[in-house]
Structure formats: C-alpha cells, structure tokens
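Shown next, in structure tokens, is the structure this report addresses.
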2 protein chains.
Amino acid sequence: MHAAARRSVVNGRRRLAEAVDAAAKVFARRGYHGASTQDIADVLGMRQASLYYYFESKEAALEAVIRVAVEDYASRALRIARKETSASEKVAALIRTHLAPMVERVEYSRVFLGERRFLQDPARKRIRAMELRYERIIQRVMAEGVASREFRADLDTRLAMLALLGLGNSAAAWFGREPGMDFERITAGYADFLVRSFRTTH
Amino acid sequence: MHAAARRSVVNGRRRLAEAVDAAAKVFARRGYHGASTQDIADVLGMRQASLYYYFESKEAALEAVIRVAVEDYASRALRIARKETSASEKVAALIRTHLAPMVERVEYSRVFLGERRFLQDPARKRIRAMELRYERIIQRVMAEGVASREFRADLDTRLAMLALLGLGNSAAAWFGREPGMDFERITAGYADFLVRSFRTTH
DNA sequence: AATTTTCCCTATTGCATTATAGAATAGACT
DNA sequence: AGTCTATTCTATAATGCAATAGGGAAAATT
C-alpha cells in the first residue's frame, strides 16, 4: 500500500536514475562528507535504509554520480578534435561541450569537481585516467593549432589546456547564480577569450 | 613533563598560528566535514579535547583558516587598481597577487575555495561581502581599460573579471602537483592570455 | 493460481565524532 | 614560598550516522 502508486511499468531503471539524481543534488549542496544517506533518502521520500537497495554503500552512490558526470567527456572531445575545422573552432567547440552538461545538471559537475578526491583507490584511478585522456586530447588540439601556424609559435600548450579547463570548471561554481550569465554569453565569451589569446598576431 | 620542552617565551601567539596551520592542512586534505578534530590534534601532537583551548568549535577553526586566506586580498587589489599604470599591467599584477598566496600556503586557498560554503550565516555573509568587494575592484580595472581604449570596446568586463578569477582559482586545484608549472610560468602565461584577449586589435 | 522478483519497510548494531567538565602541570609573577 | 595563569590532560556525555538483518506487500512471471 505504501509505494503502490509510485510503481509502474516504466519504473525499471528510472528509480535508480532518480536515486543518482538525488545523491548528486545532496552531494553538491552539502559535500560528500557533509551529506548523510538520510538526506538523500529524504529527497526520494524513502527511508534511509531503503537507499541500500540502490547503492551498496554511500561511496558507491558518489561513484555513480561521478561516473555520470565524467561520461562521454573524452569521447565528445575526441569527436571534436578529429573534425576538419580550424583549431579556433575546435577550441570554441571544446568549451561548449565542456560547459554543456552544466545547463541540465550542474550538480553533477560540482560533485565531480569537488568530491571526486574522496573516492577510494580503485575507482579514483579509473576516473583520473579518463581525466588525463581528456586533457591530452585538448592539449593536442592546442599543439596542432601551433603546428598549423594558426596559433602562436610560443604558445604554452599545456598551460593553454589548463586555462581552457580552468575557465570551464570555474564556471561550475557560479553557474546559475550569476545573474545574466547564461550559457551563450559564457561559452561565446570564453571561446572568444581563448581564441584571441592563442591566435598569431599579425 | 609532557609539554615542557615545547613551552617557551616565544610561544605566545605562535601555538595558535600552528593550530590554524594544522586546521588548514587537514581541512584542505580531507575537506571540512571529512576532517575530524582528532585529525587536527594529531598534527599538533595534542589530544583532541585540547584543541578546544584554541577554538570554540570546529567551525571556529574553519573560520580562522578562511579569515587568513581572505585577508588582504581586497586591499592589495585596491592598491594595484589605484596605481598609475596601464590596465594591462594592472591585470598582470592582479593575477600575480591572486596567485601569490598559493606558493606559501595553498592549503589556505583550497580551504577558502572549497569549504567556505560550510560556514554558517554570520561569518558566511561577512566573507561573501569581502569577495564582492574584491570582484568589484577587479571589474572596475577592466572597465577602465575599456574606457581608456586600451581594451576592446566590446569587452564583457564582468565575464573578464570572472575569467581572471576562474583562471587564478583553478590553479589552486593543481598547484604544486603539475610538474613544471611554477609560479612564474603560470602567472606570466595567464597574464599574457588575459591581456591578449582584452586588448584592442589593431 | 502459484511463485518469484522488485522495492521498500522496521528495528537495531556499532562506531565515530563533537563538545563539556574538571583536574594536573609548569612557568611567570609577587 | 605561594599564587596565578596558560596549556594540556583524562574521562565522558550525547548524538549522529553508515550499514545489516529480516520482513512484507505489490507487481511481474510462470
């Protein structure tokens, strides 16, 4: 009688996704260690112990959130990197895809950026490896921009990569809270900043 | 007999500073909620309860750390903003002062950036007010650069301010861990990035 | 209709953690 | 010598929290 109305045919994977969403929201707001499994259960309208039907442990919930957050990043970056466009357009596209998830799910980005360090070693290293792969793809775009003389010869490609990620990631901190700063304004502005500073001056 | 050797005339304020240092180190590593007062006491070589001689509460320790981290930021920025130099030089100087504390005390920066949100409302609003003051000073430098035609007329000064802080803050995440990325390389590179993208193209 | 599976519940254990109370020790001061 | 003050200690209260065990009802499957 309790959960009768909630149950339906559609609720196969949906409820699990809701649980991950709830975890993301709570972890983003209170931080991993500051959040209790009770908090997550509250969002879902269930008992604290019932959460353990969906997650083996609190940390497993964190891993699930982070997995969603990190998903597809590298593959989308690779797709951009392989295109037959200018390096400038690639940089702009990279910033766009990097910020895109923030529109629909900032909480995931925030949890990834701030809480991933609390993962234990098997999962942590997997995530770190995916990050490195992502970073290398971005840096190669910079390097190819230099090689084709579209970007200045003295460009520090590693720092350029860190700058792109730094700009993108820092937006997660205030995205949705800075009035007037919508997706278009941010991505267009940041892409413009980056491209202007990377291009050869003539 | 226990703490005899440690005690001396010099240890007036020094021990408190050590306690704040210990808190900064532990909060930076484990996060505010992930850190226990026991962890901090361990660093100091004292008992958990003894910490309460220096801090009223765990949160008071956090506030002490953050206060140190936030100290002087606005005043140093203001000193730069008032100088009779070009806007470009001001931007470069702003990046430098922003990153300077990271050399000697990254932990403080990290705690400020990641844990300040856990402060309760009296302290939290005070910190936020100081941040806003800092942001306004930076943005005004951008605006004056536009007014003097040193920076492009279409520069989004608010986004430019966020970009400067974003670049600076993101460095706190990897400062000291990215091989080869020393203070000079970062500050010079970032200053260069910013100035190139802000300047009028002619 | 019978059985299995899904999903949530109640109840509880065990541990970690913040904070308080009050005592002890040693150096500074009179 | 005797008192005061700073600093740390022991002991403990009080709570919050992750996780386990086992049950039960509805839905799906046979």
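Residue numbers begin at 1 in each chain, while the letters A, B, ... track the order of the sequences.
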Interatomic distance where OH belongs to A:Y54 and C1' belongs to C:dT5 [whole Å]: 13 Å
Anything under 3.5 Å between a protein N or O and an N or O of nucleotides 12-14 of chain C, put it in a table, one pair a line.
none

Salt bridge flag under 4.0 Å for residues B:R67 and B:E63: yes
Base, sugar-phosphate, or nothing: which does A:S50 touch, judged by heavy atoms less than 4.0 Å apart? base
Does anything in residues 56-66 of chain A come within less than 4.0 Å of DNA chain D? Heavy atoms only, and list the residues if so. A:S57, A:K58
Near DNA chain C, which residues from residues 27-35 of chain B have a heavy atom under 4.0 Å away? B:A35
Between CZ of A:R47 and P of D:dA19 the distance, given in whole Å, is 19 Å
Whether the side chain of A:K90 engages the backbone of A:I80 through a donor-acceptor N/O pair (distance < 3.5 Å, no angle test) should be reported. no
A:Y32: ring pair (Phe, Tyr, Trp, His ring centres under 6.0 Å) partners, not counting sequence neighbours: A:F27
Check the distance between D:dG16's P and A:Q38's CD and give it to me in whole angstrom. 11 Å
Separation of atom CG in A:D42 from atom P in D:dG16, rounded to whole Å: 14 Å
Name the atoms and distances for all side-chain donor-acceptor pairs under 3.5 Å in residues 157-169 of chain B, with sequence neighbours left out.
{"residue": "B:T157", "atom": "OG1", "partner": "B:Q139", "partner atom": "NE2", "Å": "3.4"}
{"residue": "B:R158", "atom": "NE", "partner": "A:E178", "partner atom": "OE1", "Å": "3.4"}
{"residue": "B:R158", "atom": "NH1", "partner": "A:P179", "partner atom": "O", "Å": "3.4"}
{"residue": "B:R158", "atom": "NH2", "partner": "A:E178", "partner atom": "OE1", "Å": "3.0"}
{"residue": "B:R158", "atom": "NH2", "partner": "A:P179", "partner atom": "O", "Å": "2.9"}
{"residue": "B:N169", "atom": "OD1", "partner": "B:H98", "partner atom": "NE2", "Å": "2.7"}
{"residue": "B:N169", "atom": "ND2", "partner": "B:L165", "partner atom": "O", "Å": "3.3"}

Scan residues 174-197 of chain A for pairs that pass ring pair (Phe, Tyr, Trp, His ring centres under 6.0 Å), counting only residues two or more places apart or in two chains. A:F193-B:F198
To the nearest Å, how far apart are A:Y52 OH and D:dC17 P? 12 Å
Nearest whole angstrom, please: distance from the P of C:dA21 to the OH of B:Y53. 17 Å
Measure from CZ on A:F55 to P on C:dC8 and round the result to the nearest Å. 12 Å
